[in-house]
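Predicted, not measured: the structure shown is a model, and the values here were computed from it.
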Amino acid sequence: MPPAIFSGKWPLNPATKLLSALSFLVFLVLDFLDTILCLVYRFIDEFFEGQSSMCYCRNREEKRGSGMEDDEDEGEDEDEDEGELSETLFGRKNVFREMGFLGFSGKLENSKKRESGEMGSRWSDCGCESCLSWMTNGDHKLHCCIREPSNETLKETNEKPAENVIFLHGFLSSSSLWTETVFPNQSESVKCKYRLFAIDLLGFGRSPKPRDCFYTLKNHLEMIEKSVISQLQLDSFHLVAHSMGCIIAMALAAKHPKSVKSITLVAPPVFPSKFGGLRVLEKLAERRLWPPLLFGSAVMSWYEHIGRSVCLLLCRNHRAWEKILKLISRRTSLHFMTMDLTRHTHHSAWHSMHNVICGGTKLMESCFKILTKARVRICVIQGDQDQVVPMECSDNVKTMAPNAEVNIIRGANHSTIILGREREFTRYLEHIWASLADS
């Protein structure tokens, strides 16, 4: 009898093969659907806005050779922006586009000329007062929630000026991640010593969501510097970040190594620079049917136009969905994470996913090298049940920064590493800050 039967592998082979075949068929259908939707959105956009919206159905070389970059006045700026774009935007494979299906290929127009934030949101984006508040009030700075001790408290305790802590959320999240977890759980002895800044990253929450932006790592850093560090004159600070925010936090810390006192990375999606963006995309959003969370990530990360359709259904109509969920749950308010899922545009989420999470990988090794040399304290915390960011990412941090402190929490996943253990998590942060209070 073959050894494979005794090993327990043989009985799984039929199921594995069936799942692989089913995955192939499903993603083949999605390839076809995304190609059709590219054509559909092209005509709908032209009908509503006069010109079709940009997409990445052409590869970079086709785009350059198509005569679509004829604007000499803006050529230099666009070259600079394009240099920040991730290879994953152009390198995603689609069977039907590669076959030249229907003789059709997408258009990547001059976004500087057409995708201007002054034009307002796309027809497929939400136009409610909340989503467009950054345009109506003319404030093109990031939304920031600040918790600081009162002057009376400082006088009573005779403390020196409070230290600063900047919090950066992850993908499809907002500053609520911190204001609803860490802020309410500060210990009394710490409240008078620290100023907390929870930021809505560019394109998320209540922050600006401009159409003339590619949401590159550089764009995110410049907005944080403009809206918080320079605006509030922060000359030293701690950094705390979750998921995608970890990549932004690392780049920010490497840019200001003399100002950063510590950096705490929660579930950081960090990979070696040799991986390249496409391999990172395959790691974080592998095209598989199971588990469902991975399938959803794959659909939203690999298919630009299907992703836009999902945002059209959910994000554009978020107020209606919120009312429906309140009726079903019989609650007057929804969990902040549910609210945050729809507070973005497809343009901001799509580009942040590719240009920050995938494209930022190439910079991480150099960032860790700078911070290690500057002796910045690096702390990592991740759950051993995380299905979003592989456990190997914590090992990657340890390899790039041998002095980094890595803490693995048993039974915690990508969200419950914070949620459900808010007090414990906050005490962990306070311990880190206190250990560096006199430095």
Side-chain angles (χ1 to χ4, degrees), residues 26-60 62-63 66-69 78 81-82 85-86 88-128 131-132 172 203 209-215 281 285 287 296-318 320-321 341-342 344-355:
V26 169
F27 283 102
L28 186 65
V29 171
L30 292 175
D31 279 357
F32 178 77
L33 179 59
D34 199 62
T35 303
I36 295 299
L37 285 174
C38 181
L39 183 61
V40 170
Y41 278 121
R42 174 181 175 183
F43 285 103
I44 296 179
D45 288 342
E46 288 180 351
F47 176 79
F48 281 107
E49 301 177 354
Q51 287 181 300
S52 60
S53 295
M54 60 172 288
C55 73
Y56 296 92
C57 294
R58 284 178 181 259
N59 61 40
R60 197 183 297 260
E62 286 178 319
K63 175 211 166 188
S66 65
M68 293 181 182
E69 296 181 82
E78 186 159 322
D81 286 336
E82 189 177 330
L85 300 185
S86 170
T88 58
L89 288 168
F90 298 92
R92 294 166 296 107
K93 302 298 183 181
N94 183 304
V95 174
F96 295 96
R97 282 202 298 266
E98 291 174 7
M99 292 170 55
F101 182 69
L102 297 179
F104 168 77
S105 58
K107 296 172 65 177
L108 179 57
E109 303 265 1
N110 185 335
S111 65
K112 290 290 183 180
K113 188 189 311 182
R114 183 176 43 78
E115 295 284 349
S116 171
E118 298 302 321
M119 290 175 59
S121 60
R122 291 194 290 190
W123 66 268
S124 55
D125 295 333
C126 180
C128 73
C131 292
L132 296 181
L172 302 188
K209 304 169 182 65
R211 290 178 60 184
D212 61 348
C213 178
F214 288 111
Y215 296 87
L281 182 62
R287 301 212 295 181
S297 298
V299 171
M300 297 301 291
S301 301
W302 286 87
Y303 298 104
E304 181 176 3
H305 303 289
I306 294 177
R308 184 180 176 186
S309 299
V310 173
C311 288
L312 171 62
L313 176 65
L314 298 180
C315 299
R316 189 175 192 273
N317 302 292
H318 69 86
W321 289 112
L341 281 174
T342 58
H344 62 271
T345 65
H346 177 255
H347 184 78
S348 65
W350 175 259
H351 286 88
S352 292
M353 170 66 195
H354 288 276
N355 291 333

Shortest non-hydrogen separation from [X] to [Y] and the atoms involved:
{"X": "C126", "Y": "C315", "answer": "CB-O, 3.6 Å"}
{"X": "L28", "Y": "F96", "answer": "O-CE1, 3.3 Å"}
{"X": "Y56", "Y": "L89", "answer": "CB-O, 3.1 Å"}
{"X": "T345", "Y": "K209", "answer": "CG2-CD, 3.9 Å"}
{"X": "L312", "Y": "N317", "answer": "O-ND2, 3.1 Å"}
{"X": "R316", "Y": "W123", "answer": "NE-O, 2.6 Å"}

For the pair [X] (side chain) and [Y] (backbone), establish whether a donor and an acceptor sit closer than 3.5 Å, ignoring hydrogens and angles.
{"X": "R287", "Y": "A298", "result": "no"}
{"X": "N355", "Y": "S86", "result": "yes"}
{"X": "N94", "Y": "D31", "result": "yes"}
{"X": "Y215", "Y": "M353", "result": "no"}
{"X": "H347", "Y": "C213", "result": "yes"}
{"X": "W350", "Y": "R308", "result": "no"}

Point to revise | Stepwise side chain to side chain contact (heavy atoms under 4.5 Å, CB included) check, E304 with C38 | key: CA-CA 8 Å; E304 181 176 3; C38 181; over 6 Å; no
By side-chain hydrogen bond (donor to acceptor under 3.5 Å, both in side chains), which residues pair with [X], not counting sequence neighbours?
{"X": "S301", "answer": "none"}
{"X": "H346", "answer": "none"}
{"X": "H344", "answer": "none"}

**Study point:** Derivation and outcome, side-chain hydrogen bond (donor to acceptor under 3.5 Å, both in side chains), residues S309 and Y41
**Key:** CA-CA 9 Å; S309 299; Y41 278 121; 2.7 Å; yes
Exercise for review: Would you check if H354 and L281 make a side-chain contact, meaning some heavy-atom pair closer than 4.5 Å?
Suggested key: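 Result yes, sub-4.5 Å side-chain heavy-atom pair found.
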Practice item. Begin from the C-alpha positions of F27 and V95 and carry the test side chain to side chain contact (heavy atoms under 4.5 Å, CB included) through to its verdict. Key: CA-CA 10 Å; F27 283 102; V95 174; over 6 Å; no
Exercise for review: Show your reasoning for whether side chain to side chain contact (heavy atoms under 4.5 Å, CB included) applies to L85 and F90.
Suggested key: CA-CA 9 Å; L85 300 185; F90 298 92; 4.1 Å; yes
Exercise for review: To the nearest 0.5 angstrom, please state how far the CG atom of L39 sits from the CG atom of D34.
Suggested key: 12.0 Å
Review point. Could you give the distance from OG (S124) to CG (D45), rounded to the nearest 0.5 Å?
Key: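 If I round to the nearest 0.5 Å, the distance is 6.5 Å.
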